[in-house]
Peer 1: 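What follows is a single structure, and I will ask about it in a moment.
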Amino acid sequence: MENEKSKILVRDILSQQTLFACEIAESEKAYQYAAQMEELGIEVEVISPTLAETLTASLGLSAEAREQYQKSLEEEMDSHEGSCCFEESSTSDKVH
């Protein structure tokens, strides 16, 4: 399962069974397979690894280090309400 985190998966929505897996560089194959399954009436989902998952996998981080990195990303995003570069105002003439 650990190796699947660096792959794109096509899973059956009902059973959560992986029907197809491929490398990130071959993402088009996953979407073509998903389209074929949907034509057959099988509801599927395409699951791609996040940027953080691919980065930590390529760096060879341990499971604990990956978890710490993910938590730090979540904390950083939670510490910003909205965008750092945009301030909502009631007047449209305010420029940043």
Side-chain angles (χ1 to χ4, degrees):
M1 182 71 127
E2 186 66 32
N3 202 14
E4 286 188 350
K5 284 200 174 211
S6 62
K7 295 187 177 214
I8 296 178
L9 307 176
V10 179
R11 286 197 316 205
D12 181 326
I13 290 178
L14 296 175
S15 70
Q16 293 296 300
Q17 180 181 4
T18 299
L19 304 175
F20 182 83
C22 66
E23 298 297 322
I24 295 170
E26 301 176 321
S27 63
E28 187 62 33
K29 289 181 181 180
Y31 290 100
Q32 289 173 351
Y33 183 84
Q36 292 171 353
M37 293 298 100
E38 289 180 349
E39 284 178 10
L40 296 173
I42 301 171
E43 291 188 44
V44 296
E45 60 185 347
V46 178
I47 302 170
S48 299
T50 65
L51 179 60
E53 289 169 339
T54 57
L55 174 63
T56 57
S58 68
L59 293 174
L61 297 180
S62 68
E64 183 180 327
R66 283 192 302 261
E67 186 176 321
Q68 288 176 347
Y69 179 74
Q70 184 62 37
K71 282 183 182 178
S72 72
L73 284 177
E74 290 170 6
E75 289 171 359
E76 181 66 25
M77 287 187 281
D78 288 344
S79 71
H80 298 281
E81 292 206 15
S83 172
C84 300
C85 304
F86 177 77
E87 183 178 319
E88 207 171 311
S89 66
S90 60
T91 61
S92 60
D93 59 351
K94 189 172 185 179
V95 178
H96 296 276

Peer 1: Tell me, yes or no, whether the heavy-atom count around Q16 atom CD, taken from other residues, nucleotides or ligands under 6.0 Å, exceeds 12.
Peer 2: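 Above 12, so yes.
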Peer 1: Considering non-hydrogen atoms only, spot the tightest contact between K7 and A21 and give its length.
Peer 2: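 Minimum heavy-atom separation between K7 and A21: CD-CB, 4.4 Å.
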Peer 1: Enumerate the ring pair (Phe, Tyr, Trp, His ring centres under 6.0 Å) contacts for residues 21-43, please, sequence neighbours excluded, ordered by first and then second residue.
Peer 2: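 Of all non-adjacent pairs touching residues 21-43, those that pass ring pair (Phe, Tyr, Trp, His ring centres under 6.0 Å) are F20-Y33.
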Peer 1: Keeping the roles fixed (side chain from R66, backbone from L61), state whether a donor-acceptor pair exists under 3.5 Å.
Peer 2: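 Yes, because the side chain of R66 sits within donor-acceptor range (under 3.5 Å) of the backbone of L61.
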Peer 1: Side-chain contact test, heavy atoms from C-beta onward, threshold under 4.5 Å: evaluate it for E38 versus E43 and give yes or no.
Peer 2: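 Answer no - side chains too far apart.
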Peer 1: For residues V44 and L14: do they belong to one hydrophobic cluster (side chain heavy atoms under 4.5 Å, members Ile, Leu, Val, Met, Phe, Trp, Tyr)?
Peer 2: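 Different clusters.
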Peer 1: How far does CD of Q17 sit from CD1 of I42, to the nearest 0.5 angstrom?
Peer 2: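 Rounded to the nearest 0.5 Å, the CD-CD1 separation comes to 10.0 Å.
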Peer 1: Under a 4.0 Å N-O cut-off, is there an ion pair linking K71 with E75?
Peer 2: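 E75 and K71: not salt-bridged.
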Peer 1: Tell me the closest heavy-atom pair linking A52 and Q70, and the distance in Å.
Peer 2: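 That would be CB-OE1, 3.7 Å.
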Peer 1: Distance from S62 atom OG to Q68 atom CD, nearest 0.5 Å?
Peer 2: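 One finds 7.5 Å between OG of S62 and CD of Q68.
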Peer 1: Supply the atom-to-atom distance L55 CG to T50 OG1, rounded to the nearest 0.5 angstrom.
Peer 2: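 The OG1 atom of T50 is 9.0 Å from CG of L55, to the nearest 0.5 Å.
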Peer 1: Distance from T56 atom OG1 to E67 atom CD, nearest 0.5 Å?
Peer 2: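 That separation rounds to 11.5 Å.
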Peer 1: Are I13 and V10 joined in one hydrophobic group, where the rule is that I, L, V, M, F, W and Y side chains link up if heavy atoms are under 4.5 Å apart?
Peer 2: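 Different clusters.
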Peer 1: Quick one: pull up CD1 in I8 and SG in C22 and give me the separation to the nearest 0.5 Å.
Peer 2: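 Answer for the CD1-SG pair, I8 versus C22, is 5.0 Å.
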Peer 1: Just checking, any donor-acceptor pair under 3.5 angstrom between side chains of Q36 and Q32?
Peer 2: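 There is no such pair (donor and acceptor under 3.5 Å, judged by atom type) between the side chains of Q36 and Q32.
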Peer 1: Identify, with sequence neighbours excluded, every residue that meets side chain to side chain contact (heavy atoms under 4.5 Å, CB included) alongside L51.
Peer 2: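 For L51 the side chain to side chain contact (heavy atoms under 4.5 Å, CB included) partners, ignoring immediate neighbours, are T54.
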Peer 1: Among all residues two or more places apart in sequence or in another chain, which pass the side-chain hydrogen bond (donor to acceptor under 3.5 Å, both in side chains) test with E76?
Peer 2: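 Scan of E76 (side-chain hydrogen bond (donor to acceptor under 3.5 Å, both in side chains), adjacent residues dropped) gives H80.
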